[in-house]
Amino acid sequence: MSNTFLTAEWRKLIMAQYEVAPATLAPWLPPGLSLDLYSTGDTAHCYVSLVGFLFDRVRVLGLPIPFHTRFEEVNLRFYITRTSPDGNRKRGVVFVREFVPRAAITLIARSLYEEPYTTLPMRHSIASTPGTLAVSYSWRHQQTWHSLAVEADPTPQPIAPASEEEFITEHYWGYTKRTRGATSEYAVQHPRWQIYPIRNFTIQADFAGLYGPAFAALNHQPPASILLAEGSPVTVSEGTRLPG
């Protein structure tokens with residue numbers, strides 16, 4: 001594996017899945033990759049996920065960045081596969097856009113890896129009682145606050161094999177569409193996550209304003225599914241450019 005670029009903990013991940021036409025994602029699909037579809041019987045589903053989570057204990061190249069070790073992130077991502085020259089099939093994600101409240105994180109991600117980060121005001125709440133776990137993430141874009149929130153049973157459960165939850169959470173590579181047609185690849189290591197049974201959720205997001213007119217239909221479309229994962233420590237490798 002490549003050298004470690006970042007270590008952190010990803011905690012309390014809300015992941016809302018929306019079904020889109022595969023052609024919608026063509027402008028964001030890096031060269032050499034194929035969409036990874038979730039199949040149920042004879043039906044294949046092409047998903048994007050709106051994801052909010054807490055970045056904690058962040059270290060870049062082994063060092064903490066002052067005032068940048070704990071913050072929120074919200075992103076829109078989709079799922080891909082890549083077959084490497086040795087025949088190994090890798091399952092990964094591509095980000096349409098990523099929001100964080102820390103300018104230094106955006107600067108590093110955009111300048112070194114051309115990741116589509118944007119700095120926005122953000123906030124979160126994680127409240128646990130004996131009977132309920134409530135988690136929310138909010139971000140302000142163009143003077144409007146958007147939010148992603150769930151209430152769940154506070155007892156985490158294992159992810160069932162071959163489930164949709166496994167499909168969504170078990171992608172261990174990240175890919176970025178670079179300038180001049182290049183693609184970069186990085187590995188993400190973490191143990192298998194547990195999830196909390198969702199009781200109810202609220203999503204207030206202008207997908208067209210946040211991610212462009214290609215996603216305008218999601219403003220009026222309920223998510224196909226939503227999950228809350230506990231998360232874990234993660235290790236992200238340095239990116240490598242793939243051969244053209």
Side-chain angles (χ1 to χ4, degrees), residues 1-10 13 15 17-40 42-49 51 53 55 58-62 73 75-98 105 108-117 159-193 214 227 229 231-244:
M1 176 178 290
S2 302
N3 294 329
T4 297
F5 170 67
L6 178 146
T7 60
E9 293 185 8
W10 292 349
L13 298 95
M15 311 176 82
Q17 285 60 252
Y18 292 83
E19 191 160 4
V20 300
T24 301
L25 302 175
W28 291 273
L29 185 65
L33 308 182
S34 300
L35 293 175
D36 193 8
L37 307 180
Y38 176 67
S39 296
T40 55
D42 296 330
T43 305
H45 305 275
C46 180
Y47 284 145
V48 295
S49 293
V51 180
F53 66 100
F55 242 123
V58 179
R59 288 178 175 265
V60 177
L61 299 177
E73 176 172 326
N75 64 62
L76 187 71
R77 72 182 199 175
F78 62 94
Y79 303 90
I80 59 83
T81 64
R82 173 181 178 257
T83 302
S84 56
D86 62 5
N88 183 33
R89 181 173 179 261
K90 298 177 178 180
R91 305 180 75 184
V93 302
V94 173
F95 295 100
V96 175
R97 204 171 185 190
E98 300 166 84
I105 300 299
I108 292 170
R110 293 184 73 94
S111 61
L112 294 182
Y113 298 107
E114 298 182 63
E115 283 282 354
Y117 271 82
I159 292 176
S163 64
E164 183 177 290
E165 291 85 357
E166 182 184 70
F167 172 83
I168 295 299
T169 59
E170 299 285 299
H171 283 75
Y172 291 100
W173 296 88
Y175 293 89
T176 306
K177 189 175 186 178
R178 308 291 294 268
T179 54
R180 294 185 293 277
T183 300
S184 64
E185 172 188 84
Y186 55 92
V188 180
Q189 288 186 316
H190 64 75
R192 191 177 178 90
W193 290 338
L227 64 88
S232 68
V234 298
T235 300
V236 180
S237 73
E238 292 183 346
T240 59
R241 285 182 179 259
L242 301 179

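All heavy atoms count here, side chains included; hydrogens, waters and symmetry mates do not. None of the values given here were measured: they were computed from a predicted structure.
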TODO: Taking atom CG of Asp86 as the centre, report whether more than 12 heavy atoms of other residues, nucleotides or ligands fall under 6.0 Å from it.
DONE: yes

Just verifying a value: how many Å separate [X] [atom1] and [Y] [atom2], rounded to the nearest 0.5 Å?
{"X": "Leu33", "Y": "Thr81", "atom1": "CG", "atom2": "OG1", "answer": "7.5 Å"}
{"X": "Ile80", "Y": "Asp36", "atom1": "CD1", "atom2": "CG", "answer": "7.5 Å"}
{"X": "Gln17", "Y": "Arg77", "atom1": "CD", "atom2": "CZ", "answer": "8.0 Å"}
{"X": "Ser34", "Y": "Arg82", "atom1": "OG", "atom2": "CZ", "answer": "11.0 Å"}

Mind listing the closest non-hydrogen atom pair of [X] and [Y] along with its distance?
{"X": "Tyr47", "Y": "Phe78", "answer": "O-CB, 3.6 Å"}
{"X": "Thr4", "Y": "Thr7", "answer": "CG2-CG2, 3.8 Å"}
{"X": "Glu98", "Y": "Asn75", "answer": "CG-CB, 3.7 Å"}
{"X": "Pro31", "Y": "Ala182", "answer": "CD-O, 4.4 Å"}
{"X": "Thr179", "Y": "Glu114", "answer": "CG2-OE1, 2.9 Å"}

Taking the side chain as everything from C-beta on, heavy atoms only, tell me whether [X] gets closer than 4.5 Å to [Y].
{"X": "Arg91", "Y": "Trp173", "result": "no"}
{"X": "Phe55", "Y": "Ile105", "result": "no"}
{"X": "Glu165", "Y": "Met15", "result": "no"}
{"X": "Lys90", "Y": "Glu185", "result": "yes"}
{"X": "Leu227", "Y": "Trp193", "result": "no"}
{"X": "Tyr186", "Y": "Glu115", "result": "yes"}
{"X": "Tyr38", "Y": "Ile168", "result": "no"}
{"X": "Leu13", "Y": "Glu73", "result": "no"}

TODO: For Val188 and Trp10, run side chain to side chain contact (heavy atoms under 4.5 Å, CB included): C-alpha distance rounded to whole Å, both residues' side-chain angles, the deciding distance at 0.1 Å, then the answer.
DONE: CA-CA 11 Å; Val188 180; Trp10 292 349; 3.8 Å; yes

Is there a donor-acceptor pair under 3.5 Å between the side chain of [X] and the backbone N or O of [Y]?
{"X": "Lys177", "Y": "Val94", "answer": "no"}
{"X": "Thr176", "Y": "Ser184", "answer": "no"}
{"X": "Arg110", "Y": "Tyr117", "answer": "yes"}
{"X": "Ser232", "Y": "His190", "answer": "no"}

Open item on the list: Strictly below 4.0 Å, N to O, side chains only: are Glu166 and Arg192 in salt-bridge contact?
Closed with: yes

Open item on the list: Run the side chain to side chain contact (heavy atoms under 4.5 Å, CB included) test on Ile108 and Phe5 for me, step by step, so that the C-alpha distance in whole Å, both residues' side-chain angles and the decisive distance to 0.1 Å come before the verdict.
Closed with: CA-CA 11 Å; Ile108 292 170; Phe5 170 67; 3.7 Å; yes

Task: Between Tyr79 and Ser49: side-chain donor-acceptor atoms closer than 3.5 Å - done: yes

